[in-house]
Amino acid sequence: MTDEMYDLGAGLWSIRGSFIKNGILDIGVQCALIRLSSERFIFLDSYTLTGDVRQQVMALTNDGQNVEAVLNVHPFHTVHCAQMAKDFPQATFYGSSRHPEQVPEVNWADDLVESDAIAARYPELQFSIPQGIHYISPDETVHASSLLVYHPASQSIYVDDTFEIPPSKLINTVQPNLGLHPTTKKALKDEPNAAKHYCDWAVELAHEWRDVRHFCGAHSGLVVFEDGQFETALISAIDLARPELEKA
């Protein structure tokens, strides 16, 4: 898969990259470049930029000098952090508490990416962290949670793993279906009503971010929803999954 960069308007570029799983299947990966009101830039997630995409990014960002920060929003997406820090040495790197443990060579900021401090620092964005499931699961194979990001100006939602588009729907012209990450049930916290808290959080998110048009998923590709479809699709996905998730 060749890396691609999509201009979604209003200062957000979605970058689609390659990630080979088990040496066989390219499940894809993503990052995003966002131009702030200050005319400086931030990245969502780390990715090793090469070829035409790297040239485009460098042209936009004054050879990288105008990139002020990288927000690594998935605790388990750490493969490209070290290279990203080399490519943008002047940028501040934010991550979860797991990031410094996994990539200690990066100079991580004290503020965690999911903190209120980051939300206040970047008012161009809205953030949401799933309720009822572990943000950093004690099981290293469970990657259902991540910090979700919404960029209202471009009507774009940036999601690593938590929600995904079934692969069969990538070229479907009918309303895209949304699904939950397959490890969602394993990610549930061991506490009363954890599944209810998760489902209620997702339904509330569907209402709050109902204007989403562009769905940027780590392994789902870039999908465009028609007006109102995202809200409907997410609520449908939760309605379908709730009985199974809420089983004792």
Side-chain angles (χ1 to χ4, degrees), residues 17 19 21-22 25 27-32 44-47 71-81 94-99 101-102 112-115 126-150 156-170 176-209 212 215-223 230-231 233-248:
F19 186 76
K21 187 175 183 181
N22 301 327
L25 182 65
I27 60 172
V29 74
Q30 69 172 342
C31 71
L44 301 179
D45 282 334
S46 294
Y47 182 65
L71 279 57
N72 294 277
V73 296
H74 195 311
F76 289 90
H77 286 193
T78 58
V79 170
H80 294 277
C81 294
Y94 299 104
S96 68
S97 60
R98 187 177 184 273
H99 282 89
E101 297 170 2
Q102 297 297 312
L112 296 176
V113 69
E114 71 272 19
S115 67
Q126 297 174 19
F127 300 90
S128 185
I129 197 163
Q131 302 300 300
I133 62 175
H134 288 286
Y135 177 49
I136 304 176
S137 174
D139 181 343
E140 293 272 311
T141 66
V142 174
H143 297 176
S145 192
S146 62
L147 180 64
L148 279 65
V149 185
Y150 179 46
S156 301
I157 185 173
Y158 186 93
V159 186
D160 286 334
D161 296 9
T162 305
F163 308 137
E164 55 188 29
I165 308 290
S168 62
K169 297 296 179 182
L170 285 177
N177 287 343
L178 260 180
L180 309 184
H181 192 268
T183 63
T184 300
K185 189 166 185 178
K186 291 182 180 178
L188 288 170
K189 294 179 179 177
D190 184 17
E191 56 190 43
N193 297 318
K196 182 179 186 304
H197 291 153
Y198 172 81
C199 292
D200 291 352
W201 161 80
V203 169
E204 183 62 28
L205 188 84
H207 296 321
E208 289 183 4
W209 294 357
V212 163
F215 181 93
C216 307
H219 311 303
S220 302
L222 178 64
V223 175
F230 171 75
E231 181 180 24
L234 181 50
I235 290 173
S236 296
I238 293 300
D239 287 346
L240 194 65
R242 191 186 288 264
E244 177 65 23
L245 290 175
E246 292 189 352
K247 276 185 186 175

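Here the structure is a predicted model, which means the values were calculated and not measured.
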Taking side chain as C-beta onward, heavy atoms only, is Y94 less than 4.5 Å from L147?
no

Grab the two heavy atoms, one from L178 and one from A237, that are nearest each other, plus how far apart they are.
O-CB, 3.4 Å

Over all heavy atoms of both residues, which pair between E164 and P182 is shortest? Give the atoms and the distance, please.
OE2-CD, 3.4 Å

If I compare all heavy atoms of P75 with all of S146, which pair ends up nearest, and what's the gap?
CD-CA, 4.4 Å

Take the angle between the ring planes of Y198 and W201 and call it parallel below 30°, perpendicular above 60°, tilted in between.
tilted

Could you tell me whether the side chain of V73 reaches within less than 4.5 Å of the side chain of D160, counting heavy atoms only?
yes

For the pair E140 (side chain) and P138 (backbone), establish whether a donor and an acceptor sit closer than 3.5 Å, ignoring hydrogens and angles.
no

Between I165 and N177, is any pair of side-chain heavy atoms under 4.5 Å apart?
no

If we count only N and O atoms by modelled type, under 3.5 Å, do the side chains of H77 and D45 hold a donor and an acceptor together?
no

So do I133 and H181 actually touch side chain to side chain, heavy atoms under 4.5 Å?
no

Check whether any side-chain heavy atom of H74 sits under 4.5 Å from a side-chain heavy atom of D161, and report yes or no.
yes

Minimal heavy-atom distance between L245 and A195, with the atoms involved, is O-CB, 3.2 Å

What class does the angle between the rings of F76 and H143 fall in, given that below 30° is parallel, 30 to 60° is tilted and above 60° is perpendicular?
parallel

Does any non-hydrogen side-chain atom of L180 lie less than 4.5 Å from one of F163?
yes

Heavy-atom closest pair, residues C81 and H99
SG-CD2, 4.0 Å

Check for a donor-acceptor pair, side chain of Y158 on one end and backbone N or O of Q30 on the other, with a separation under 3.5 Å.
yes

Residues two or more places apart in sequence or in another chain: which of them pass salt bridge (Lys or Arg N to Asp or Glu O under 4.0 Å) with K196?
D200

Which heavy atom of V113 sits nearest to which heavy atom of S96, and what is that distance?
CG1-N, 3.9 Å

